Structure formats: C-alpha cells, structure tokens
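Heavy atoms only: backbone and side chains are in, while hydrogens, waters and symmetry mates are out. Bear in mind the structure is a predicted one, so any value in this text is a computation, not a measurement.
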Amino acid sequence: MTFQALTPAAFGAKAAGARAERMRRSPQYADGLFHNAASTRATPSSPGGLVREYLFGEDRARRRPGGAVPVIASPAVSSADGLFLTWYGHASTLVEIDGARVLCDPVWGDRVSPAAFAGPRRLHAPPVSLRELGRLDAIVISHDHYDHLDLPTVRALIALTDAPFLVPLGVGAHLERWHVPAARIIELDWHEDAHVAGIRFVATPAQHFSGRGLANDSTLWASWVLAGPEDRVYYSGDTGYFAGFAEIGAKYGPFDATLVQVGAYAPHWPDIHMTPEEGVAAHLDVRGGLLVPVHWATFTLATHSWSDPADRVWREAKANDLPLAIPKPGQRIDASAPPPVDGWWQTLG
C-alpha cells in the first residue's frame, strides 16, 4: 500500500521518480532533507512548554481581536499598469504587477490544519470569494505548511483558473496528488527562475522548514522575487532573519515593494519567524521601497497579542523613516501612492 493510500489527502504526497532525483541534486538537499543555508535546524525549542502556553496561557484572550476585523471587498480589475497590492489576510496577497495578476500563498479555508474540525481557525472571513478575484496569471507558493498551502483553496483554483503554480522543489508532489495538471506546476530551486505573463519569478532563499505530517523538511521553502518590466516585488514567505536578505537585495533589488512576514513570532522559535523589528531590517536589507507587513491578523499561531505585529512594525518603520502601508484585509493599494497608516487595528487590540 502506498504512502498516499495510508494518509489523508491534506497531507499531500512524497516526491518520487524524476522529481525526487531532481531534489537530490539540489545544493540545499543532503541526507534525505532540505537544509537552510546556515545549517540552522529550524524547529521550535521546548515544544511541551510551548503547547501548554498556547493552550492554557492566561493571555489567550489577547491573541484575538476585540471586535470584528474590518474587511474590504475590492472589486476585481482585469488589468492595470503599475503596481497594486491587495492583502486578503495572513500571507495571502494579490500582486498586480505591470499588467500581470499574481496570487501569493492563497488560503481561503476555515482552518489551517489537515482536519476540518481542529486547528487554528480564521479570525475574519475572506474579504472576497476566490471566484471574485478575477483573472489570475500565476499562483506563487512559498512552502507547504498548512497556513500557506491550503488543499480546499488549491482544489477551487484548479477549476477557477488555468494559472500555473510556482512552487519550491518537492511541493509539486502535493499538487499532483490534488489533481493539479503537471503542465500547471513549475518547481524551482533557490535562484532558479521562470517567466510567466511577462514576469520573471525567482525562488530565493529563506530560513524556515517544511512539512505537512510528522516528518519535516522533505520539501523546499523559499522567498520570491517578482520582476516585471517596470516594477519589482519581494515576498519573504516564512523566514527567520538571516544574512541572505542582503545577498538577495544585492542580486535582485531594489524592490518597489516588499511583502514581509511580521507575525507568529516567539522566543521558542527565533530562527523560523521574524519579529516585526527583524521584518523591517529584512526590508532594508533587500532594498525595499514600500513595506507591506503580512502573516498576521487572520490565524492565531503564536502567543503574542493580536495587534502586537502591526503596532511594532509601525513603530519600527517610523524610526527608520520607511514608507509603510498596513491595509485592511481586502484593501487594494497603489504602491506608488499608498494610503497613510491610520492605526485601524488599534481599536481591536
């Protein structure tokens, strides 16, 4: 009996055949696993204490918003010159870049978990349905964790669009098990690129880990460069702060805008998620223009308060005199003329 037959579909699939052989040739792959550039084993420390704090800590109420999160149902635009960003919550973001429409890490499911009845649940509804997104030219996935690669969302996108999925090495095995056609899967190693809809996509390093079951690191994780004829965007994916940001900035920057992870941090895992202050440092390292913080507000994945990421990134951006936008979920922003930060989240903190 195969691995696929023994596990729920949400766990995905292990790479085999030519895909597995390609993974073994990767400079990031050794001893059957993918590794970070700095040989960091990115796993939380003291997992027992962490679980107890998450489940039973006295500050649990602070990890949820104190009221309804405001969402905006921005209408779909078929094509637009310039650079526009629509953050839908957590890391899910539509990047409209030089006429192309790219959806990053779409998660429209109710829970980020292999089970429909357990796991972190949404704190606000998706601002629009997947059908209301309109035309998509590409779908970018940073890694295979449940809060970035969502089975129900992938299945819906198979039917709603013919856009290809750009993914790190090994993640294509999950997609193929979920019936994404092979012709719509583009797998890349770090510093490999592909051209779709006039945009150059480059998988770039990140410091993180992967896995959808009990075993970790059997697929690669990545940040992404989206380079159009006129505009450039950097998406950090999930990552700890590391020296690779400066190298990415030197090789692929500067960027007109960055989408940088600033939430779900804790002392238990300093190497896999950035604090807001580290997110600002990463933005500076890659030579970013407008900073748009992501990976907060939608799912409770750590023990910090719900509003802490936005408060801290705003403070740190002001200290560094950086252009910053903190949109409401679903709010479409023009990167060349972003709205002023208004602290909308602070009444809910």
Side-chain angles (χ1 to χ4, degrees), residues 2-4 7-30 32-37 42 90-93 102-109 112-114 136 138-158 161 163-194 196 201-226 235-239 259 261 272 295:
T2 65
F3 172 84
Q4 287 90 333
T7 57
F11 286 164
K14 288 184 177 180
R19 175 177 284 115
E21 178 56 33
R22 185 182 173 201
M23 289 163 50
R24 286 191 286 269
R25 294 196 300 267
S26 169
Q28 283 60 250
Y29 195 84
L33 300 172
F34 284 100
H35 298 264
N36 287 303
H90 200 57
S92 303
T93 308
V102 181
L103 187 59
C104 297
D105 282 354
V107 175
W108 260 246
V112 285
S113 163
L136 296 176
I139 301 161
V140 165
I141 304 295
S142 62
H143 63 297
D144 71 358
H145 284 157
Y146 290 97
D147 59 320
H148 294 259
L149 181 63
D150 179 52
L151 171 57
T153 302
V154 169
R155 283 179 168 166
L157 289 171
I158 294 171
T161 177
F165 291 78
L166 293 103
V167 301
L169 289 181
V171 176
H174 301 323
L175 298 182
E176 282 197 353
R177 186 183 181 191
W178 301 340
H179 306 297
V180 176
R184 288 179 57 183
I185 301 171
I186 301 173
E187 283 181 272
L188 299 177
D189 201 349
W190 290 349
H191 300 296
E192 292 183 340
D193 66 356
V196 177
F201 294 84
V202 188
T204 43
Q207 182 172 281
H208 199 54
F209 70 113
S210 66
R212 298 177 72 82
L214 297 177
N216 290 332
D217 301 341
S218 62
T219 63
L220 187 60
W221 46 95
S223 59
W224 286 90
V225 170
L226 284 60
Y235 170 44
S236 72
D238 276 9
T239 180
L259 304 167
Q261 170 261 309
I272 60 173
H295 207 267

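- Residues T219 and S210 bring a donor and an acceptor atom of their side chains to less than 3.5 Å of each other.
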Checklist line | Check against side-chain hydrogen bond (donor to acceptor under 3.5 Å, both in side chains), D189 and S26 | finding: CA-CA 7 Å; D189 201 349; S26 169; 2.7 Å; yes

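- Electrostatic pairing of R22 and E192 counts as a salt bridge here, judged by a charged N lying under 4.0 Å from a carboxylate O.
- Residues L220 and H143 fail the side-chain proximity criterion, which asks for heavy atoms closer than 4.5 Å.
- Residues passing the ring-ring contact (aromatic ring centres under 6.0 Å, His included) test with W108, sequence neighbours excluded: Y88.
- Every residue was checked against the ring-ring contact (aromatic ring centres under 6.0 Å, His included) condition with H174, not counting sequence neighbours, and none meets it.
- A donor and an acceptor atom, one from each side chain of W221 and N36, are located under 3.5 Å apart.
- Side-chain contact between W190 and Q28 is present, with at least one heavy-atom pair separated by less than 4.5 Å.
- Proximity of L151 to R155: side-chain heavy atoms (C-beta onward) are separated by under 4.5 Å at one or more points.
- Just one of Q207, Q261, H148 meets the side-chain hydrogen bond (donor to acceptor under 3.5 Å, both in side chains) condition when paired with D238; it is H148.
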Next item on the list: In sequence, state the C-alpha distance, the side-chain angles, and the governing distance for L149 and W178, and then conclude on side chain to side chain contact (heavy atoms under 4.5 Å, CB included).
Entry: CA-CA 12 Å; L149 181 63; W178 301 340; 3.8 Å; yes

Check: Checking side chain to side chain contact (heavy atoms under 4.5 Å, CB included) for the pair Y235/S142: CA distance, chi angles, key distance, verdict?
Finding: CA-CA 9 Å; Y235 170 44; S142 62; 3.9 Å; yes

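- The aromatic rings of H295 and H90 lie tilted to each other, with the angle between the two planes from 30° to 60°.
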Note to self: One pair to check against ring-ring contact (aromatic ring centres under 6.0 Å, His included): F209 and H145. What are the steps and the verdict?
What the structure shows: CA-CA 9 Å; F209 70 113; H145 284 157; 4.5 Å; yes

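- Counting heavy atoms from C-beta on, the side chains of F201 and V102 come closer than 4.5 Å.
- The side-chain heavy atoms of R177 and L175, taken from C-beta on, include no pair separated by under 4.5 Å.
- Side-chain atoms of L157 and I139, non-hydrogen and from C-beta on, do get closer than 4.5 Å to each other.
- Between F11 and Y146 there is a side-chain heavy-atom pair separated by less than 4.5 Å.
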N/O donor-acceptor pairs under 3.5 Å from side chains in residues 163-171, not counting sequence neighbours:
none

